[in-house]
Student: 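A single structure is presented below for examination.
Values below: all heavy atoms of this structure, side chains included; hydrogens, waters and symmetry mates excluded.
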Amino acid sequence: MESKPDGKSSLTSEELAAIEDEDVLNKMLDNTSDFEERRMIRSALRDLLKKKREKREQERGLRQQNLRQQGLSKAGTTGGTVSIGRASMNQQLPINKPSSQPSPSATTPFNRTGGSKASSAAAAPPAAAPNAKNVKQMLLDWCRAKTEPYEGVDIQNFSSSWKDGIAFCALVHRFFPDAFEYSILNPNKPKENFQLAFSTAERLAGCPPLLDADDLVRMNEPDWKCVYTYIQEFYRCLVEKGLVKTKKRP
């Protein structure tokens with residue numbers, strides 16, 4: 001992208017608003033260092049995500065209305081009740097089922113299938129390295145930069161900022177925007193968000209599911225060492241697939 005001689009951005013809000021491909025805007029954001037252009041692109045991304053969310057909600061409302069009308073029509077024909085339509089609606093909409101009772105031994109969000117290797121990774125972060133704090137901050141800044149355009153995401157740490165699963169979904173969606181519809185995610189359904197993010201990262205990035213959704217939802221806040229270790233692994237997998245190009249690996 002080029003800038004005008006007077007230092008102002010050559011992009012216009014109208015041009016950005018005409019772009020309806022989220023991936024194109026993400027690439028533009030990665031390829032520019034101009035402050036004004038980045039501000040405009042981030043604004044366009046937020047508007048696009050909002051537009052998609054509103055469109056999806058409108059479509060869902062129309063589907064619900066059609067299902068109600070079908071149920072009323074059946075009730076009028078057979079003498080039944082409108083519960084038929086409601087049952088059909090429940091089949092269309094995801095239901096947040098309560099998680100099972102936690103076992104007394106469940107004390108860490110690491111997936112038990114990961115064995116002692118995952119546990120040792122959580123118990124022994126790279127504190128021995130002299131620049132461990134710098135690496136941690138670099139990774140946090142990277143997560144914040146990649147999820148900045150996403151509504152409902154404000155990454156300030158490796159613990160409370162990730163508790164509803166939305167931040168995980170936003171980070172995965174940034175690299176795999178066609179994997180799922182981000183705009184319909186519900187922060188009040190953390191378990192479903194965790195499962196969606198981890199399964200997508202495993203399927204498309206080859207990132208092992210080091211975290212367990214059931215254990216995460218039982219905690220008030222995720223253990224920062226567990227989240228930090230998982231994000232490190234996700235970053236490493238992206239680098240190996242060529243989706244992140246950098247000389248320094250957090």
Side-chain angles (χ1 to χ4, degrees), residues 93-128 132-133 135-144 146-147 150-176 179-182 184-240 249-250:
L93 300 177
I95 300 176
N96 186 22
K97 297 182 180 179
S99 59
S100 58
Q101 184 68 22
S103 62
S105 61
T107 58
T108 172
F110 273 97
N111 191 333
R112 294 173 187 80
T113 59
S116 60
K117 180 178 179 181
S119 300
S120 62
K133 291 184 178 180
V135 172
K136 180 184 174 185
Q137 187 60 46
M138 287 171 55
L139 190 60
L140 187 65
D141 291 341
W142 176 78
C143 292
R144 186 181 298 120
K146 293 302 178 184
T147 59
Y150 288 83
E151 185 177 353
V153 179
D154 182 20
I155 297 177
Q156 299 297 329
N157 53 52
F158 282 112
S159 182
S160 60
S161 297
W162 306 79
K163 65 181 180 180
D164 60 7
I166 294 295
F168 283 109
C169 289
L171 187 60
V172 173
H173 188 268
R174 177 64 187 271
F175 293 95
F176 306 103
F180 54 87
E181 182 63 47
Y182 175 84
I184 66 172
L185 299 181
N186 187 347
N188 295 320
K189 296 183 178 181
K191 182 178 178 180
E192 294 182 8
N193 298 332
F194 289 135
Q195 291 174 335
L196 176 63
F198 301 154
S199 62
T200 303
E202 181 180 20
R203 177 168 54 90
L204 300 180
C207 181
L210 300 178
L211 300 177
D212 183 84
D214 287 323
D215 289 339
L216 284 168
V217 297
R218 282 193 282 262
M219 292 183 163
N220 291 330
E221 293 183 357
D223 186 337
W224 75 266
K225 296 186 294 294
C226 300
V227 176
Y228 176 48
T229 302
Y230 179 83
I231 298 301
Q232 277 187 311
E233 183 65 18
F234 180 62
Y235 183 94
R236 184 190 65 79
C237 292
L238 293 176
V239 171
E240 288 187 351
R249 297 187 182 184

Student: When you measure from the side chain of Thr147 to the backbone of Leu171, do you find a donor-acceptor pair of N or O atoms at a distance under 3.5 Å?
Tutor: no

Student: Measure across Arg144 and Ile155 and return the closest heavy-atom pair with its distance rounded to 0.1 Å.
Tutor: NE-O, 2.9 Å

Student: Quick one: does Asp215's side chain have a donor or acceptor within less than 3.5 Å of a partner on Arg218's backbone?
Tutor: no

Student: Relative to the ring of Phe168, is the ring of Phe198 parallel (under 30°), tilted (30 to 60°) or perpendicular (over 60°)?
Tutor: perpendicular

Student: What is the distance from atom NZ of Lys136 to atom CZ of Phe158, rounded to the nearest 0.5 Å?
Tutor: 7.0 Å

Student: What pair of heavy atoms forms the shortest contact from Gly165 to Phe194, and how long is it?
Tutor: CA-CE2, 3.4 Å

Student: Roughly how far, to the nearest 0.5 Å, is CG of Leu185 from CZ of Phe180?
Tutor: 6.0 Å

Student: Between SG of Cys169 and CZ of Arg174, what distance do you get to the nearest 0.5 Å?
Tutor: 15.5 Å

Student: With side chains defined as the heavy atoms from C-beta onward, is the minimum distance between Arg203 and Phe176 less than 4.5 Å?
Tutor: no

Student: Any idea which heavy atoms bring Trp162 and Ala167 closest together, and the distance?
Tutor: CE3-CB, 3.6 Å

Student: What closest approach, in Å, do Cys237 and Gly206 show between heavy atoms, and which atom pair accounts for it?
Tutor: SG-O, 3.6 Å

Student: Taking all heavy atoms of Gly152 and all of Ile166, pick out the closest pair and write down the distance.
Tutor: O-CG2, 4.1 Å

Student: Are side-chain heavy atoms of Met138 and Trp142 found at a separation under 4.5 Å?
Tutor: no

Student: Picking from Asp223, Val135, Asn157, what satisfies side chain to side chain contact (heavy atoms under 4.5 Å, CB included) with Tyr228?
Tutor: Val135

Student: When rounded to the nearest 0.5 angstrom, what is the spacing between CD in Glu221 and OG in Ser160?
Tutor: 4.5 Å

Student: Report the distance from atom SG of Cys226 to atom CD1 of Ile231, rounding to the nearest 0.5 Å.
Tutor: 12.0 Å

Student: Scan for side chain to side chain donor-acceptor pair (under 3.5 Å) pairs involving residues 163-173, sequence neighbours excluded, and state none if there are none.
Tutor: Glu22-His173, Tyr150-His173

Student: Please name the residue in the list Leu216, Val217, Leu196 that meets the side chain to side chain contact (heavy atoms under 4.5 Å, CB included) test with Lys191.
Tutor: Val217

Student: What's the separation between atom SG in Cys207 and atom CD in Gln232, rounded to the nearest 0.5 Å?
Tutor: 11.0 Å

Student: For Asp154, what residues pass the side chain to side chain donor-acceptor pair (under 3.5 Å) criterion, not counting sequence neighbours?
Tutor: Gln156

Student: Does the pair Glu181 and Ile184 meet the rule for a side chain to side chain contact (heavy atoms under 4.5 Å, CB included), with working shown?
Tutor: CA-CA 6 Å; Glu181 182 63 47; Ile184 66 172; 3.8 Å; yes

Student: Quick one: does Asp141's side chain get under 4.5 Å of Gln137's, heavy atoms only?
Tutor: yes

Student: Identify the heavy atoms of Tyr230 and Pro208 that sit nearest to each other, and give their distance.
Tutor: CE1-O, 3.6 Å

